[in-house]
Amino acid sequence: MLAELGWGWIFPPAEPLPWGNKAQVNAFCFFLLFFPFRATSCGSTPEGDSQAQSKKALKKQQKEAEKAAKKAEKQAKQVSTMGSWHEGDFAKDQYGVPPMFQSQEKLDRVLVRVQDLTAEKAGQLLWVRARIHTSRAKGKQCFLVLRQQQFNVQALVAVGDHASKQMVKFAANITKESIVDVEGMVSKVEQKIESCTQQDVELHVKRIFVVSQAEPRLPLQLEDAVRPEGEGDEEGRATVNQDTRLDNRVIDLRTTTSQAIFRLQSGVCQLFRDTLSNKGFVEIQTPKIISAASEGGANVFTVSYFKTSAYLAQSPQLYKQMCICADFDKVFCVGPVFRAEDSNTHRHLTEFVGLDIEMAFNYHYHEVVESITDTMVQIFKGLRDRFQTEIQTVNKQYPSEPFKFLEPTLRLEYWEAVAMLKQAGVEMGDEEDLSTPNEKLLGRLVKEKYDTDFYVLDKYPLAVRPFYTMPDPINPKYSNSYDMFMRGEEILSGAQRIHDAQLLTERALHHNIDLEKIKAYIDSFRFGAPPHAGGGIGLERVTMLYLGLHNVRQTSMFPRDPKRLTP
Amino acid sequence: MPMYHIRSKSRVDTEVDLPTCMYKLPNIHGQQNRCEDQGHQKWEVDPEVKALQARQDEIMQKLYELEAVVSGLAKTVSTPDADLDALSISQSPYNSALSDPLDLDGLLGQAGDCGTIRDIVINANPAQPPLSLLVLHSMLCRRYSVLSSIHVHSSISAVPPSLLGCFGPLYTNGCRRQRFQLIFTLIWKDVPRVELKFNVPSMCAVEGEGNVARFLYRLLLAPSKDPVLATVMDNWVDTAVFQLAEGGAREQKAVVQALNMALTKDPWLAGPTLSLADILCACWLMQTGTASVVPSNVQKWLKSCENSGHFCHALSLMIN
């Protein structure tokens, strides 16, 4: 616009202008062209460029000087206040950051668990070690929520006899997730504190020390990690997606939901061990580095083993059976299982914990099936009776239907399942394997009719089972094999194993398996082997299906899948 | 006049068709008829689409047929049969509930292809065990080969062992489920009323002990052609289920009186032999606890019920 002004005025207008005569206007034009109009300059003088510029520089210098003066003033003030920080602080021994705990001294102090802070302890002065979950300062008070695993309690630091203003400020400024030692008086509250697990009491803080400070910027906020998905979308608040959680697993595992899930998983494992030990089973440990791939061959991890290579075990099948042939009768084993399947689904991991059972039976493999289903029912009952708090905690974030089952377990046969599916409109052959959507549909049909989430499907067709499955004695198209389902998803695949070396060889040849590779396996049955059967479950999958979760990575502490190797 | 004339090597009279289009792409909005006519078509009619259309036509056809049938039925239902005269109904011979086995296929309505799943699921509350169903189960076992099983649902934490063994000892001997004509599954569950589920896709659950008993009885005996008898039977069933089971002491007394009156004329309540009416009334009478202080007719009748041999499981449950 200035240029236009300049150019416009070079050619003086034809008509007389309202101000001045032509000569004056011409002079003005000339000036405008060579001395561009400055909006900032106050009182533009027709002096040279340099003078105008130096004026500007002068102004700038002036401003900088002002700034420097202000800063100096501030610093002086700060120094003075620093001095006065501790001046009026009568409580300076009651708070602070002690030196790093290098086991300098052994204090005989009793730290009370947050879950034990109930109305019974009202009036007591005690020490608690917990994390700062949230803190909120309000004038002369600071409200803290102290969290320990699944439980949290409200704590209050208020200016008064025991606490100074500086102490309240210090408490408000402690970063979230820092571990603190707090000494406080337990006091009852009139109104229940809805947002905490300990709703009847709060802690009035007398002393607070920071044991381990957390960095101020957390990679994820714990409140976001616990928020249910739908709620997050509705209120516009953030929820944390799975990849972020898994990348920062240490923090994600601190949430109440994760604590509950893994405590329940620990319960599953423990109930499994206890139930089987009570039935007379022996726990064994099988090797995980093996020389030949047992089941399929394609899905094994190879490791370099000195001068040759070996494989990581896909399942302890081989060794369980060898133990039975070695007269252990009833064995179980809990250990990792490695499957190199490139499946990126919600229910596959490359490494998971397998709980496997193998048992010799007297006359009919149903003895084993009943034993396994009874174990599962005992696990479900134990979880239902002893882990209700954990189940409720998980349901807050991931609501689901409670798990239903029948005792004794419902056992349907494969032909019945095919008939039910056909009735529901699915077209499939009598000897076809069940696809995943068909399994889910069957689960729903069974749930509708029998109202159970757990059932056994018996007598699968022989063609879809591995070579060591014993064929049915009456109808050779079927086999003595079974699958167990939870919420419509398969958790266990088992069968009566062929214990006769000759039949085993025949079946292996029928499946085009190289006999050299399984020579050791067949040899174990040559010297008297009892009839036996068994099966195995995946700990993570069972926990996921029991709680009604949707991704197995939620129940695996540090999951491994084709795309994830850390943490 | 040209100097040199050379014969032309190429023909000049042929017309050269200069192309106007640089790059030609097939028409994605192409009409299918045109495509079929031309030699080089890139888009064929998707056979799947054709199949889908055929299926849709089939379904529409079936719908129209169903509509016709339903409208026909509606006409027959809405117009009452004013011509029916009760006296003209022939007295057909009464079939006993224990005579020849009926065609289960026809009764339970199984289609041929699907294989046969004849699994009857009954959910009952262990706090109020339905004794009549135990009696009917025993009758069914005499008639057909039945595979029975009892389960406890997870909604109940514990069930007394007498309820777990209320069918008596069960021997399956490792037989396949396919071998049995009927599968009877009893589930002890926390339900307000007795429920029966049979063919879930095509049948809703049957609720209430009376209705479940009627369903099971239908497997044993075809419904009586005599409407009077059928009504009498229904009446006694309802009396048992509503008045004996849920009524107060006075109502129960009234029922006992009515029973006494009815039993003076005939040894059984409905028909010449033991029937559904007798089963339900006897079971509920025993459960009210007034079975000992009843008039002589009723006592005789109760004794005959017990002697029929089907009441042993129900009675053993009563004792425990």
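For clarity, every value in this text was computed on a predicted model and none was experimentally measured.
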Checking A:Leu421 against chain B: side chain, backbone, both or neither under 4.5 Å from a heavy atom? neither
Could you tell me which portion of A:Asp451 (side chain, backbone, both or neither) has an atom closer than 4.5 angstrom to a non-hydrogen atom of chain B? both
A:Tyr455 and A:Tyr450 aromatic centres sub-6.0 Å: no
How about B:Gln128: does its CD atom have over 12 heavy atoms from other parts shown lying under 6.0 Å from it? no
Quickly, which of A:Phe387, A:Phe380, A:Phe454 forms a ring-ring contact (aromatic ring centres under 6.0 Å, His included) with A:Phe403? Name it, please. A:Phe380
Given a strict heavy-atom distance threshold of 4.5 Å, which part of B:Ile156 is in contact with chain A: side chain, backbone, both, or neither? backbone
If I measure from the heavy atoms of chain A, does B:Ser149 come under 4.5 Å with its side chain, its backbone, both, or neither? neither
Measure from NZ or CZ of A:Lys449 to the centre of the six-membered ring of B:Phe198, then state whether that distance is under 6.0 Å and the direction lies within 45° of the axis. yes
Specify which of A:Glu448, A:Lys459, A:Lys381, A:Glu407 makes the most heavy-atom pairs with chain B at under 4.5 Å. A:Glu407
Do A:Arg487 side-chain atoms and A:Leu545 backbone N/O form a donor-acceptor pair below 3.5 Å? yes
